[in-house]
Structure formats: C-alpha cells, structure tokens
Amino acid sequence: MSDIDEIIEQGIVFKKPSSGEPKEEKVKTKAKKKKYITGAHGSGSARQKAKYREQRATRHK
C-alpha cells in the first residue's frame with residue numbers, strides 16, 4: 001500500500017527517455033520506396049494505389 005500512498009501524495013511523473021537510454025527502433029516500411037509508390041514491383045494493389053496517387057497528383061493541374 002505504500003506505493004499507492006506515495007503516488008497519491010506525490011503524483012506520477014511522465015517524462016521522455018534521456019539520451020543515455022536506448023531509443024526504440026523505427027519501423028521501416030516499403031510504402032515510401034519509389035518502386036512501391038510507382039507500382040513497379042508487380043503487386044496488383046501497389047499498381048492500383050499508384051494509379052490513385054497519380055490521379056490525386058494531377059487532379060488540380
């Protein structure tokens with residue numbers, strides 16, 4: 001119960017990890033790579049998404 005009493009009296013401090021602690025690894029995705037964006041790697045969904053991206057890019061030109 002002392003932990004709960006301490007939290008009630010002092011509160012909980014949330015802070016960013018300091019530079020000494022290891023940082024989380026970023027997730028690397030294919031979504032930003034040029035071949036994926038242009039649909040060149042052969043996936044049907046990638047080609048369809050590339051078509052939509054091109055339509056959106058040329059919509060107001």
Quiz item: Of all residues at least two apart in sequence or in a different chain, which pass the side-chain hydrogen bond (donor to acceptor under 3.5 Å, both in side chains) check with E54?
Solution: none
Quiz item: Of all residues at least two apart in sequence or in a different chain, which pass the side chain to side chain contact (heavy atoms under 4.5 Å, CB included) check with I12?
Solution: I7, F14
Quiz item: Which residues pass the side chain to side chain contact (heavy atoms under 4.5 Å, CB included) test with Q10, sequence neighbours left out?
Solution: E6
Quiz item: Looking at Q55, Q48, K49, which hits side chain to side chain donor-acceptor pair (under 3.5 Å) with Y52?
Solution: Q48
